[in-house]
Amino acid sequence: MGIEQTAPAPGDSNSNFLLTTLDDVVSWARKNSLWPLTFGTSCCAIEMMMATGASRHDISRFGAEVVRATPRQADLLIVAGTIVKRMAPVLRRLYEQMAEPRYVIATGSCTISGGPFIYHSYTTLRGISDVVPVDVFVPGCPPRPEALFYGILTLQKLIQEEETIGKPGYRRKPVTAALPPNMSIDEIKEEMAKLLEQQAIVKDPLKGDSTEFMRGR
Amino acid sequence: MSVKVKTLDDLTLPPPGADSPLSTQEYFINMGPQHPATHGVLRLLLRLDGENVREVIPVLGYIHRGIEKIGENSSYRQTIHLVDRLDYLSALMNNWVVSMVVERAAGIETNDRIEYIRTIMAELQRLQSHTLWWGVIGMDLGAFTPFLYGFRDREYATDIFEETIGARLTMNYIQPGGLMNDIHPNFVKRTKEFLEYLKPKIDEYDELVSGNAIIQKRLVNIGILSAEDAISFGTTGPVLRASGVPYDLRKIEPYGVYGKVEFDVAVGQAGDSWDRYIVRVMEMRESVKIIEQLIDNIPEGDYMTVKVAKAIKPPEGRYYGHLETARGVIGCFIVSDGKDKPYRFHLRTPNFNNLWCLTKIAKGWKIADLVAIASSLDIVIPDIDR
């Protein structure tokens, strides 16, 4: 929206006021001061540490480096890792303890659908959207730090463009962070289905039926 | 037959001032499951007297994903990617132990090239894991700088893995009968560069942290685990070796090509947090030594000895194999009924036992020391809960 560009230079008497809407200013401030909560349960936590704290990837460029250990000081919940049934109430409580407006980024396949533990597991949640409302999903097992950055940038875009003061934290449909431009989810699904049929034919030796096997019996 | 199960409700507190000259009162406090110093979702129930820890009760299950049950419903190759997610910092060693047992059970032979590459990869992973641990123990003791240094050096190893394997963390590389793919043409060159880079860095670690007076005050003579206790708790890996027991499967039952290389087993004396720290730093040097002896001599050959499409069906029986990960002995137990899926798939993971010695050694210390002791044990929670 360009506050940065239109901000007046100090000492310039002709342009020392700025016209904008309150929504824009508040959303601009909000999107650039996300405080994530350190919440890592498994493998994705290492990549999240890599992204948020460590030396090669610098999250502070995007204004989200103040990682807090208590939910009461945080407004961004990055769920990094599998959530099992026993952990789900804890996750919900953490979410409810966070101050509003609060945002959730779910990283990794496990938080999207259960990931590698989707079949035959009696404990894993098949996606955390049943427990907390998710703003942005970041696919990967685990997603690279760059993917997490893309997720944070997507969330910032959502906050800037889709939020009003009247409805803080109001969100539209969840988006997939790493969606390529000019492509819809349905197109990707079709392409993936084609690829699966062409290349990844794994025969179930018990049944001999490849398609049924791929769909998890 | 009914068995009385002891639950948390059965825990009672003694009357105030029972074992203290001051009039104090004991109380329970929850540490976790969401706590930055528990490295994940471990929940510790602490019985405290002021700041003194009277009792530590670990409560598990917050990341129990049922990997053993999924393993029983998967073919032998499909279990490989599951064990990556146990102890994700030793993913390659976890791959290896399953492959080792399946190979032994089904009578699959491997060649020298495969074993060389496996050994080099495992030692690289050990370096990667220990550099991460070194950064994290610094952060747990309140110093943020080691975290940056440790993760900086870890990234170089991660790049090497990414080039050959395609993954940064969950490798899925070693499979029954060989490897998923051959090493990248740059692998040897980059590994050598990494070793040349890392050797002075380990000395830098010593200068930066090991000699620091605060670090020594926080670690030396804190959380002493005697050799008898270490054995009776079933601890393995650096935790056991720090207590003075030179038990290292790489030396005692050489697998891979560990029999052909010369290296020393790092052993501590007192079994305190400091010994656990210094044993791991010494192990980093030994890993560098092992890779240096192997990296120039990788023999030619195939990276796979069996056809991937062929279903593996071990004959009926019980099979067990174990090896040394960065944290201790991982064992894999497979009961086969002759089909292509295991009848029972069990894993003996090192962190479960290593965690449990915390109940003994953290007693009597302050809460801050508990964090330092837990960090010196280097536990990974999904490995405990599986």
Side-chain angles (χ1 to χ4, degrees), chain A residues 37-47 49-51 53-57 67-71 77 80-91 93-94 97 108-110 114-125 140-145 201-206 213 216-217, chain B residues 32-37 39-41 43 60-67 69-75 77-78 81-82 84-86 88-89 91 132 135-136 139 144 147-156 158-159 162 167-170 172 309-311 313 339-341 380-383 385:
Chain A
L37 171 76
T38 54
F39 181 70
T41 56
S42 54
C43 340
C44 292
I46 301 291
E47 292 292 68
M49 278 155 75
M50 202 66 236
S55 13
R56 185 179 282 190
H57 306 93
V67 182
R68 293 284 126 175
T70 164
L77 177 63
T82 325
I83 301 297
V84 299
K85 281 175 186 160
R86 190 167 186 189
M87 195 65 195
V90 183
L91 174 68
R93 180 182 284 193
L94 281 171
Q97 281 176 341
S109 312
C110 294
F117 312 105
I118 188 166
Y119 304 129
H120 308 297
S121 173
Y122 47 90
T123 53
T124 316
L125 280 193
C141 191
R144 299 173 58 90
I201 297 175
V202 183
K203 280 195 178 161
D204 188 353
L206 285 183
F213 179 69
R217 281 158 285 187
Chain B
Q34 200 275 320
H35 191 279
H39 298 207
V41 285
R43 177 176 162 209
L60 302 180
Y62 289 93
I63 188 71
H64 174 65
R65 302 179 282 199
I67 285 180
K69 197 71 197 167
I70 307 174
E72 285 167 22
N73 288 297
S74 313
S75 72
R77 278 208 178 78
Q78 288 169 339
H81 83 281
L82 292 172
D84 278 342
R85 277 114 186 135
L86 287 174
Y88 37 81
L89 297 175
L132 182 135
V136 170
M139 199 170 66
F144 194 70
F147 182 74
L148 296 173
Y149 280 58
F151 269 70
R152 177 195 64 188
D153 301 339
R154 180 181 178 274
E155 268 295 279
Y156 287 92
T158 311
D159 283 347
E162 197 179 0
R168 288 160 56 86
L169 201 65
T170 45
N172 192 14
K310 203 175 164 228
K313 288 183 185 174
K339 291 181 185 152
D340 65 330
K341 290 171 187 168
V380 170
I381 313 304
D383 194 40
D385 282 347

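Order of the sequence lines fixes the chain letters, A, B, ..., with proteins taken first and strands second; residue numbering starts at 1 for each chain.
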(message) I want to check something: taking the side chain as every heavy atom from C-beta on, are Glu72(B) and His120(A) in contact at a cut-off of under 4.5 Å?
(response) no
(message) Heavy-atom cut-off 4.5 Å, strictly under: side chain, backbone, both or neither for Leu169(B) against chain A?
(response) side chain
(request) Under 4.5 Å, counting heavy-atom pairs only, tell me which of Gly40(A), Ser42(A), Ala69(A), Pro71(A) racks up the most with chain B. (result) Ser42(A)
(message) Test your reading of the model: is there a side-chain donor-acceptor pair from Arg168(B) to the backbone of Pro142(A), 3.5 Å cut-off?
(response) no
(request) Can you tell which part of Val136(B) gets under 4.5 Å to a heavy atom of chain A, answering side chain, backbone, both or neither? (result) side chain
(message) Looking at chain A, which one of Arg154(B), Arg85(B), His81(B), Lys69(B) has the largest number of heavy-atom pairs inside 4.5 Å, strictly under?
(response) Arg85(B)
(message) So which atom in Pro116(A) and which in Leu82(B) form the shortest heavy-atom distance, rounded to 0.1 Å?
(response) O-CD2, 4.0 Å
(request) Can you see which heavy atom on Tyr122(A) is nearest to which on His64(B), and at what distance? (result) OH-NE2, 2.8 Å
(message) Is Pro145(A) in contact with chain B via its backbone, its side chain, both, or neither, using a 4.5 Å heavy-atom distance?
(response) side chain
(request) State, yes or no, whether a side-chain contact exists between Asn73(B) and Tyr119(A) at a heavy-atom distance under 4.5 Å. (result) no
(request) Give the minimum heavy-atom separation between Ile70(B) and Phe117(A), together with the two atoms involved. (result) CD1-CD2, 3.6 Å
(request) Could you tell me which portion of Leu37(A) (side chain, backbone, both or neither) has an atom closer than 4.5 angstrom to a non-hydrogen atom of chain B? (result) side chain
(message) For a quick test of reading the model, state the closest non-hydrogen atom pair linking Gly61(B) to Val84(A) and the distance between them.
(response) O-CG2, 4.0 Å
(message) Can you confirm whether Phe147(B) is buried at CZ, in the sense that more than 12 heavy atoms of other residues, nucleotides or ligands lie under 6.0 Å from that atom?
(response) yes
(message) Looking at every non-hydrogen atom in both residues, tell me the closest pair between Thr123(A) and Gly66(B) and how far apart they are.
(response) OG1-N, 3.9 Å
(message) Heavy-atom cut-off 4.5 Å, strictly under: side chain, backbone, both or neither for Phe151(B) against chain A?
(response) both
(message) Quick check: closest heavy atoms across Thr124(A) and Arg65(B), and the distance to 0.1 Å?
(response) OG1-O, 3.7 Å
(message) To the closest 0.5 Å, what do you measure between CZ (Arg144(A)) and OG1 (Thr158(B))?
(response) 10.0 Å
(message) What verdict does the salt bridge (charged side-chain N to carboxylate O under 4.0 Å, His left out) test give for Arg56(A) and Asp159(B), after you've listed the backbone C-alpha separation in whole Å, the side-chain angles of each residue and the deciding distance to 0.1 Å?
(response) CA-CA 12 Å; Arg56(A) 185 179 282 190; Asp159(B) 283 347; 3.0 Å; yes
(message) So for Cys110(A), is it side chain, backbone, both, or neither that comes closer than 4.5 Å to the heavy atoms of chain B?
(response) neither
(request) Could you look at Leu86(B) and say if it's the side chain, the backbone, both or neither that has a heavy atom under 4.5 Å from chain A? (result) neither
(message) Quick one: does any side-chain atom of Gln34(B) pair with a main-chain N or O of Thr38(A) as donor and acceptor, under 3.5 Å?
(response) yes
